[in-house]
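Reading through the structure tokens given below for one structure.
The first residue in the sequence is number 1, and the count goes up from there. These numbers were taken from a predicted model, which means no experiment stands behind them.
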Amino acid sequence: MSTATVTTAPSMDPIVLARLTGKLGDRETVSKLCATLGDVFSEFLPDMLESELGFEVAVSYAGFTMGKFGELTEGLGGAMAFCDVSLRDWCEHFTLICDSPLIITLVENMLGAVSDSIEDPQPRPLSKIELDVAAMMFDRISGVLKTAVSSATSFEPLLGAAHNAELRKPVEDGTQNAHVAMVNMAVGIGPVLSTFHVVIPQATLLKSVIAAPRPANVAKTRAEWSEQLSEQVRRSKVTLEARIHLEPQTLDTISRLQPGDIIPFNEAGDVRVDVNANGRNLYVCEFGRSGARYTVRVKATYGSEDDILQHIIG
């Protein structure tokens, strides 16, 4: 009596499968598409907002990110406003995201505050009125996006309700694991620098023909906005955090620590300190004192000045 042998075909690597089915592109191709879309926002969104709001708004492309939808959006942290959008004949579902300081600053300016007198707002969930302003912002962003892909659709964007990240409901339709590209845009209003993001499935982006802006003064306008935004970046206040490695301790010792107890630094000579902002390492420093104050002295950097600015914005 013979026994039949069942063979199982090896499963295909999911990354390879995504590339073969047009759901995942190479970095160079995605980079060009995102940069072109960023140029469209930089060129057309400021004029649209300024004509409606009555004060200057600087918009500049700040790079892109590739990855799974859930990982990228969760990586932005809380205190963000979301809006899910569909554009018939182009994309069934893409997402717009604004950080809360952008919307708070817009509201303050719309209420008559002077831009130069406004300090950077602390990120927080938005109120109902602020979410209404966020909805306006999402509508303008989606309107500019529609002009960039107008060859693909004659329909208008359909926007869901603007909502805080904390109230975002989990979905089970596979969206979280979809390969997406996130176009990151920096927005300057007076001294306040903030961001918005456009998250597009790569399956849609890779098939898109994005129309670059054509006015003759595009280069001049882009340079002016870039210079203004660069100055705003340098004037913006950023919270720095210095981390010092301490000598390892047992759980028993840690549980018994009392006020006044001492934990040594885990260094024999100069104490290495990592200084970061927004979770990004910026400098390697050494620990010291200046009079009665403790200080850190910069010994090395994690990149050039432009790299550091991009790290902070990102």
Side-chain angles (χ1 to χ4, degrees), residues 27 58 60-67 71-80 99-102 104-105 116-124 165 182 184-197 226-314:
R27 189 169 187 84
S60 178
Y61 178 56
F64 75 103
T65 316
M66 297 170 60
E71 295 172 357
L72 288 188
T73 55
E74 290 170 8
L76 294 173
M80 310 291 286
D99 67 7
S100 57
L102 169 58
I104 295 169
T105 304
D116 291 341
S117 67
I118 297 177
E119 298 182 355
D120 286 346
Q122 290 298 314
R124 59 168 173 76
M182 182 160 66
N184 304 312
M185 302 298 299
V187 182
I189 304 174
V192 179
L193 182 71
S194 48
T195 61
F196 73 82
H197 312 270
S226 178
E227 181 179 351
Q228 180 180 353
L229 190 60
S230 177
E231 177 61 25
Q232 289 168 332
V233 170
R234 286 168 170 78
R235 289 187 303 166
S236 297
K237 293 181 180 180
V238 177
T239 300
L240 297 177
E241 180 182 70
R243 294 186 177 181
I244 303 174
H245 292 286
L246 302 180
E247 190 174 276
Q249 305 289 323
T250 65
L251 286 174
D252 182 60
T253 300
I254 294 173
S255 67
R256 297 174 185 273
L257 289 175
Q258 298 294 325
D261 290 344
I262 296 173
I263 303 176
F265 295 141
N266 191 25
E267 302 282 352
D270 293 337
V271 178
R272 175 190 169 110
V273 181
D274 287 323
V275 174
N276 67 66
N278 292 349
R280 305 294 185 97
N281 284 334
L282 305 179
Y283 306 107
V284 177
C285 303
E286 61 183 7
F287 184 69
R289 293 187 66 165
S290 177
R293 303 183 68 182
Y294 291 102
T295 63
V296 291
R297 176 179 296 160
V298 176
K299 295 180 66 177
T301 69
Y302 284 95
S304 66
E305 178 182 350
D306 288 340
D307 291 334
I308 289 173
L309 289 174
Q310 288 297 325
H311 284 328
I312 294 173
I313 294 173

Can you name the closest pair of heavy atoms from [X] and [Y] and give their distance?
X      : Y      : result
Glu247 : Ile263 : O-CG2, 4.1 Å
Leu72  : Gly67  : CD1-N, 3.6 Å
Ala186 : Leu193 : CB-CD1, 4.2 Å
Glu286 : Val273 : C-CG2, 4.3 Å

* **Contacts of Asp261 that satisfy salt bridge (Lys or Arg N to Asp or Glu O under 4.0 Å) - sequence neighbours left out** =>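 Listed in chain order: nothing, the list is empty.
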* Crowded around Gln122 CD? As in, over 12 foreign heavy atoms under 6.0 Å? ->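 No, because the 6.0 Å sphere around CD of Gln122 holds 12 heavy atoms or fewer from other groups.
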* **Within 6.0 angstrom of Ile254 CD1, more than 12 heavy atoms from elsewhere** =>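 Count over threshold, so yes.
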* Please lay out, stage by stage, how Met185 and Thr195 fare under the test side-chain contact (heavy atoms from CB on, under 4.5 Å). => CA-CA 6 Å; Met185 302 298 299; Thr195 61; over 6 Å; no
* Would you say the side-chain atoms of Asn184 and Thr65 include a donor-acceptor pair closer than 3.5 Å? ->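 Yes, a side-chain donor-acceptor pair sits under 3.5 Å.
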* Asked: Going from CE on Met66 to CZ on Arg27, what distance comes out if it is rounded to the nearest 0.5 angstrom?
  ->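 It is 6.5 Å, given to the nearest 0.5 Å.
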* Which one of Val275, Ile244, Thr295 satisfies the side-chain contact (heavy atoms from CB on, under 4.5 Å) criterion with Cys285? ->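 With Cys285 as partner, side-chain contact (heavy atoms from CB on, under 4.5 Å) holds for just one option, Val275.
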* Going through the checks in order, is the side-chain contact (heavy atoms from CB on, under 4.5 Å) test met by Asp120 and Thr105? -> CA-CA 8 Å; Asp120 286 346; Thr105 304; over 6 Å; no
* Asp99 and Phe196, any side-chain heavy atoms less than 4.5 Å apart ->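 No; the side chains remain at least 4.5 Å from each other.
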* Asked: Any side-chain heavy atom of His245 within less than 4.5 Å of one from Asp274?
  ->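 A side-chain contact under 4.5 Å exists here.
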* Should Leu76 and Met182 be marked as a side-chain contact (heavy atoms from CB on, under 4.5 Å) after you check the CA-CA gap, both sets of side-chain angles, and the distance that decides it? -> CA-CA 11 Å; Leu76 294 173; Met182 182 160 66; 3.9 Å; yes
* To do: Indicate yes or no for a side-chain donor-acceptor contact from Thr253 to the backbone of Gln249 under 3.5 Å, with no hydrogens or angles considered.
  =>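 Answer holds: no.
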* Can any side-chain N or O of Ser100 pair as donor or acceptor with the backbone N or O of Arg124 at less than 3.5 Å? ->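 Yes; at least one donor-acceptor contact below 3.5 Å.
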